[in-house]
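Data block below; observations after.
All values below were derived from every heavy atom in this structure, side-chain atoms included, with hydrogens, water molecules and symmetry-related copies excluded. Protein chains get the first letters and strands the later ones, always in sequence-line order, with residue 1 at the start of each. Quick caveat, the model's predicted, so the values are computed rather than measured.
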Number of protein chains: 2
Amino acid sequence: MQISELAHRAGVPVATVKYYLREGLVPAGELTGATRARYGEEHLERLRLVRALLGPGGLSVARARAVLAAVDTPGTSVHAALGAAHRVLPGVGPEGPADLEQARAVLRLRGWRVADDSPALLALAGALEALRAAGVAPTDELLDRYAEAAGRIGERDVAEVPTGSVAEAVRFVVVNTVLLEPVLLALRRLAQEDASRRRFPGDC
Amino acid sequence: MQISELAHRAGVPVATVKYYLREGLVPAGELTGATRARYGEEHLERLRLVRALLGPGGLSVARARAVLAAVDTPGTSVHAALGAAHRVLPGVGPEGPADLEQARAVLRLRGWRVADDSPALLALAGALEALRAAGVAPTDELLDRYAEAAGRIGERDVAEVPTGSVAEAVRFVVVNTVLLEPVLLALRRLAQEDASRRRFPGDC
DNA sequence: CGACATTGGGTAGTGCCACTCTCTAATGTG
DNA sequence: CACATTAGAGAGTGGCACTACCCAATGTCG
């Protein structure tokens, strides 16, 4: 398969595929001459994954490259890969030392244990800070409800991880972590809409 | 309070405040002369809200303006305001007519009823499509687990809505819909990390 | 009173990002 | 052998969220 066919089958302009090749998001094809390269199904699959990460996944090119690097690194343990994926995902800006207290309290209440420098912990603290700055203060009880729901999901996510090959597991973790987020958010909004319809009838 | 104090107290450069004024994200102050305007606490509060929406909330200026317009429109019913907020939030690109079948199936299973053109429904369909394009196909059973968890949260979100004034309710809905999303995502990742630690011990 | 800083209002520029265009030389293809 | 296509790389584009600059008018402080 040449680049034009690869691009066409993924629904991406050729120029964009070249850009991804340059950026290292998609591995180079097998050179069959100075001006020809051959691409296989694995390139097509990778290209589709890249598009999913960049589009619906909401990642930047730089973050996607880092995530894919974790996918590509063989020998990574699943737990480490999950950590790598989290470290690289959005939501962890170079924010200062936020107030971790309420965030840690949530974990204590749930009995969760995570790394001290867990990116998700910083992300949580940052999100709580933003809420406070916006003049809303979530109660510990509300947070625990959220944590309970998140716990069911996270538990399930990890239980689903295939144990066959590490590479497969890592890919699974990355894809699910990133691409199920929009699903979860959409479902929450649907639940809100349904609940709102029931609580405020006649408003429709 | 003058613009410099307003900007200082919100931790935002003066030039940026001017930009927000021009973009209509923050209402103009009360003119006390040709080159003076007075701002009050409500401007400060609004400015902080804008920063929260644009930063952690992840909204663009255009979307934030639309969200704030819903907040400002008096007489909107709460249910309608929630709909307006959802319509304007990210996740609803100009995607073609995606395959709504699996998305609708989730709702059927849960007994949820939403508008036929619900943005969240389209967002869900789009997210599922992206997953399939990336070569991952979530089972109906997995989706239902997610939906169950989302249901608990959405229910709670709506139950919390203050019934005092409509304006207050709308503000609450918008802020919580947008700003609790990062909280939920962070909690999910923390749950994953905890579960992963328990399932793959020794990997740490 | 007068030097100086600040303001509202507006225009133009900046830096970043994800592409997208263009070009070249080489190479397939009908 | 005319023509299209390719790899590879540099430069350009458009959108976005600021950010810098400018102006005349105005407030303020010695």
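- Projected onto DNA chain D by closest heavy-atom contact, A:Gly33 and B:Val61 fall at different nucleotides, the more 5' of which corresponds to A:Gly33.
- In this structure, B:Leu21 reaches neither bases nor backbone, as no heavy-atom distance under 4.0 Å exists between it and the strands shown.
- For A:Arg104 and A:Asp116, the salt-bridge test passes: some basic side-chain N is under 4.0 Å from an acidic carboxylate O.
- The pair A:Glu41-A:Arg9 meets the salt-bridge criterion, with a side-chain N (NZ, NE, NH1 or NH2) lying under 4.0 Å from an Asp/Glu carboxylate O.
- A donor-acceptor pair shorter than 3.5 Å can be found between the side chains of A:Arg188 and A:Tyr146.
- Panel note: side chain B:Arg46, backbone B:Leu25; a donor-acceptor pair is recorded below 3.5 Å.
- A:Thr177 places a side-chain N or O within 3.5 Å of a backbone atom of A:Val173 that can act as its donor or acceptor partner.
- Put simply, CD on A:Glu23 is 15 Å from P on C:dC16, counting in whole angstrom units.
- Taking the side chain of A:Arg51 as heavy atoms from C-beta on, and the options C:dT20, C:dC19, C:dG10, the nearest nucleotide is C:dC19.
- Taking only side-chain atoms of A:Tyr19, from C-beta outward, the nucleotide of C:dG28, C:dG8, C:dA18 with the closest atom is C:dA18.
- Residue A:Leu47 contributes atom CG, which lies 11 Å from atom P of C:dC19 at whole-angstrom precision.
- If you check every strand for non-hydrogen atoms under 4.0 Å, B:Ala15 touches a base.
- Mapping B:Tyr39 and A:Thr32 onto DNA chain C via the closest heavy atom, the residue that lands nearer the 5' end is B:Tyr39.
- For the OP1/OP2 pair of C:dT20 and a distance below 4.0 Å, the side-chain nitrogens and oxygens of A:Thr16 include at least one atom meeting the criterion.
- Between B:Glu155 and A:Arg145 no salt bridge is recorded (no basic side-chain N to carboxylate O distance below 4.0 Å).
- For the segment residues 2-14 of chain A, residues with any heavy atom less than 4.0 angstrom from an atom of DNA chain C are, sorted by number, A:Pro13.
- Per the geometry, OH belonging to A:Tyr20 stands 8 Å off C1' belonging to C:dA18, to the nearest Å.
- Side-chain N/O atoms of A:Gln102 and A:Asp140 include a donor and acceptor closer than 3.5 Å.
- A salt bridge between B:Asp194 and A:Arg113 is absent, with no side-chain N of the basic residue lying under 4.0 Å from a carboxylate O of the acidic one.
- In terms of position along DNA chain D, the nucleotide closest to A:Arg36 lies nearer the 5' end than the nucleotide closest to the other residue of the pair A:Arg36 and A:Leu31.
- Nucleotides of DNA chain D lying under 4.0 Å from heavy atoms of chain B occupy a range whose first and last members, 5' to 3', are D:dA17 to D:dG27.
- Spacing between atom CG of A:Leu53 and atom P of C:dA18 amounts to 13 Å, rounded to whole angstrom units.
- Side-chain N or O atoms of A:Glu193 include one that pairs as donor or acceptor with a backbone N or O of B:Ala115 at under 3.5 Å.
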